Amino acid sequence: MRTSLKLASAAIGAAALLPLGVTTAMAADGSGNANLAPVALNGVNGSGTAMVTVKGDVVSVTLAAKGLLADQPHAAHIHFGADARHECPAAADDTNKDGHLTTTEGGPAYGPVVVSLTKTGDTSPSSALAVDRFDTAPGGNLSYQRGDITVAPEVATAILAGQAVVVIHGVDYNGDGKYDGTAMSDLDPKLPAEATDPALCGVLKAAPVGAMATGGGGAAAQPEQGLLLAGGALLLAGLGTGAYVVRRARTQA
Amino acid sequence: MSSLPSLHGRRGTLAGVLTLVVGLRAHAGPPAPPLSRVAATSVPSPTDAPTDPPTELQVGQSPSATAAPAAEPDLGPILPASIPVTLDIPSIGVHTTNLVPLNVGADGVLPPPTDYATAGYYTGGPTPGQLGAAVIAAHVDGKSGPAVFYRLGELAPGALVHVTRQDGTVATFTIDTIARYPKAQFPTQLVYGSATSRAEIRLITCGGAYDRSTGHYVDNVIAFGHLDP
């Protein structure tokens with residue numbers, strides 16, 4: 001009865017596997033994903049994704065976004081502040097009530113710039129407005145990838161802890177296809193507000209851990225082998241042909 | 001046991017045994033696509049459009065001699081954010097309304113809908129039609145029989161998935177691949193992180209063997225699709 005032996009050992013194996021739990025998040029390495037959505041009040045009709053992979057204090061960043069003002073530089077940053085709310089700003093953050101959110105007004109939500117997502121050169125906060133080194137969103141589409149960005153340890157930790165926020169800046173309130181307007185930037189009085197106000201925003205979050213428990217078992221396969229063994233034993237007792245039954249069962253299974 | 005064969009030679013016994021076998025096979029459980037092996041280096045990447053090489057910038061006064069205008073990255077169609085309300089998958093007879101939000105718990109795990117008859121969507125991801133991977137999950141069965149995603153394993157590449165959203169628009173996705181993964185090797189990155197350059201969908205349920213000792217299926221069945229224009 002090799003079949004019954006197999007079944008027995010399979011059962012023991014399954015029992016031994018039971019304690020296997022879901023793997024917990026890594027301490028130092030990992031990744032965060034952000035779903036970039038239009039910033040409240042700022043009128044961008046687009047969306048984006050950000051993926052940040054952390055290895056120690058080195059991060060690599062992939063960004064994609066649609067619906068941005070085409071062919072204009074879009075400053076993009078990772079924001080984090082220990083005292084920030086670790087979220088994207090809401091309409092209530094419009095403290096001067098002018099109907100738009102500036103980068104400064106978003107500060108309580110996402111904190112200061114900690115990484116400038118430039119295409120080349122420096123990535124520190126001092127490049128936050130290096131407009132000639134940011135992606136220009138050809139056709140309104142932005143696709144960005146850069147690795148080997150060194151960050152402070154607390155920033156790496158914040159990214160994995162769901163506390164860092166990716167913001168892409170640059171809007172077109174008056175819909176004329178360029179950065180202009182009488183309102184000037186809160187960050188650089190030489191730039192129009194349109195060039196620096198936040199467009200898309202998303203909080204970097206670790207993906208959900210592990211698998212999903214999406215079954216109750218009510219329509220699971222019947223434990224046919226066990227029943228067949230019982231049936232086989234019955235036949236064995238009654239007919240003396242148990243071995244044949246089991247052989248049939250194995251070829252059927 | 002009325003089907004017990006009488007002793008009329010091997011042929012009669014065989015017929016009886018086959019009857020018994022068939023009779024005991026109430027059903028074979030939910031349909032299951034082949035099991036995928038999730039080796040670190042051989043994870044199939046069925047869903048993500050090739051990531052555009054980062055277009056080297058020639059903004060402003062770039063000294064680069066290649067002065068061609070920056071190519072527009074192809075990110076496919078997208079829709080504005082709007083939460084999903086109804087899910088229709090005609091090829092496997094799915095029509096389910098009142099999708100529920102699924103929030104990651106304190107343990108980091110995404111719980112399934114509490115109601116076996118309801119599908120849910122992952123609130124931490126994009127809504128269906130936004131750039132990135134929107135995740136919808138539902139049970140394969142409940143305690144007493146098939147549930148919303150019982151036939152998910154039957155989905156074939158090319159099948160259409162329609163998600164009606166709160167804003168009234170319908171996001172239609174085409175299935176690219178369907179695969180089954182051991183839960184212990186759940187392809188987290190493939191599900192949640194691989195769609196960085198187009199709008200995609202993931203449909204998740206359970207599959208494989210049902211472990212009666214734990215009360216759980218051992219695998220997850222996952223369908224991957226992308227938004228149609």
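We name chains A, B, ... by the order of the sequence lines, and we start the count at 1 in each one. Treat the numbers as computed from the prediction; the structure is a model and nothing was measured.
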Between [X] and [Y], is there a donor-acceptor pair closer than 3.5 Å when you use the side chain of the first and the backbone of the second?
X       : Y       : result
K66(A)  : G76(B)  : yes
Y192(B) : A206(A) : no
S47(A)  : L131(B) : yes

State, yes or no, whether a side-chain contact exists between [X] and [Y] at a heavy-atom distance under 4.5 Å.
X       : Y       : answer
N220(B) : T214(A) : yes
M212(A) : T205(B) : no
P73(B)  : P138(A) : yes

Non-hydrogen atoms of chain A under 4.5 Å away: do they reach the side chain of [X], the backbone, both or neither?
X       : result
V104(B) : side chain
F149(B) : neither
I222(B) : neither

Please name the pair of heavy atoms, one in [X] and one in [Y], separated by the smallest distance, quoted to 0.1 Å.
X       : Y       : result
E72(B)  : G139(A) : OE1-CA, 3.5 Å
Q130(B) : L36(A)  : NE2-O, 4.2 Å
A213(A) : P112(B) : O-CG, 3.0 Å
A220(A) : R212(B) : CB-NH2, 4.0 Å
A219(A) : Y150(B) : CB-CE1, 3.5 Å

Chain A interface, residue from A147(B), A81(B), P111(B), A138(B) that has the most non-hydrogen pairs under 4.5 Å: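 The option with the most such pairs is A138(B).
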Max heavy-atom pair count under 4.5 Å with chain A, selected residue of G132(B), G125(B), G145(B):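 Answer, by heavy-atom pair count under 4.5 Å with chain A: G145(B).
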Please classify the contact of [X] with chain B as side chain, backbone, both or neither, using a heavy-atom distance under 4.5 Å.
X       : value
N141(A) : both
M51(A)  : side chain
A70(A)  : neither
S31(A)  : side chain

Spacing of L75(B) atom CG and L142(A) atom CG [to the nearest 0.5 Å]: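 Atom-to-atom, L75(B):CG and L142(A):CG are 8.5 Å apart.
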Residue, of A50(A), P208(A), G215(A), that accumulates the most heavy atom pairs under 4.5 Å with chain B: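 Sorted descending by pairs with chain B, the first entry is P208(A).
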